[in-house]
Amino acid sequence: MQKNYEVLLVSQFTLYGLLKGNKPDFHLAMPPQQAEPFYNSFAAKVSKAYKPELVKDGIFGAMMQIHLVNDGPVTMHLDSRKSIGSGTVESQEVSSDV
């Protein structure tokens, strides 16, 4: 906000995909009927909190090609859960600024 950068919001359900064998599985992603209003609400809040003329978004659920120059930092959040022992779950989270 201090640098007056533009914000590009892209709805990306594939970010919540899991690998099931060698195929992606998106059954844990929010259904489109819920995700679209959720995304639109988020976009409206970002526009209200920032400068609406600097906030851009695409069409929900549409195939889009974007070209950008990423002027970091970028935060990656990795969450790995594996079953151990008698049904307990061990969670490992890694957050890294690139």
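All residue numbers in this chain count up from 1 along the given sequence.
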- [ ] Step by step, work out the side chain to side chain contact (heavy atoms under 4.5 Å, CB included) result for Leu28 and Leu18.
- [x] CA-CA 8 Å; Leu28 294 177; Leu18 304 169; 3.4 Å; yes
Open item on the list: Closer than 3.5 angstrom, by distance alone: can the side chain of Ser41 be matched with the main-chain N or O of Pro37 as a donor-acceptor pair?
Closed with: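 No: the side chain of Ser41 does not pair with the backbone of Pro37.
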- [ ] Starting at CZ of Phe26, measure out to NZ of Lys20 and round the result to the nearest 0.5 Å.
- [x]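 Answer rounded to 0.5 Å: 12.5 Å.
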- [ ] Would you give the length of the straight line joining atom CD of Glu53 to atom CG of Asn4, rounded to the nearest 0.5 angstrom?
- [x] 9.0 Å
- [ ] Check the hydrophobic clustering (I, L, V, M, F, W, Y; side-chain heavy atoms under 4.5 Å; chains of links allowed) and say if Phe42 and Tyr50 are grouped together.
- [x] yes
Task: Val10 and Asp57, any side-chain heavy atoms less than 4.5 Å apart - done: no
Open item on the list: Could you tell me if the side chain of Leu54 sits less than 4.5 Å from the side chain of Tyr5, heavy atoms only?
Closed with: no
Open item on the list: Which heavy atom of Gly61 sits nearest to which heavy atom of Ser11, and what is that distance?
Closed with: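 Taking Gly61 first and Ser11 second, the nearest heavy atoms are N-OG, 3.8 Å.
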- [ ] State, to 0.1 Å, how close Pro32 and Phe60 come at their nearest heavy-atom pair, and which atoms those are.
- [x]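 Closest heavy-atom pair between Pro32 and Phe60: O-CE2, 4.2 Å.
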TODO: Let me see the working for Leu9 and Lys56 under side chain to side chain contact (heavy atoms under 4.5 Å, CB included), right down to the final yes or no.
DONE: CA-CA 6 Å; Leu9 302 174; Lys56 311 292 183 207; over 6 Å; no
TODO: Report, as yes or no, whether the 6.0 Å neighbourhood of atom CD1 on Ile59 holds more than 12 heavy atoms from other residues, nucleotides or ligands.
DONE: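 Incorrect, the count does not exceed 12.
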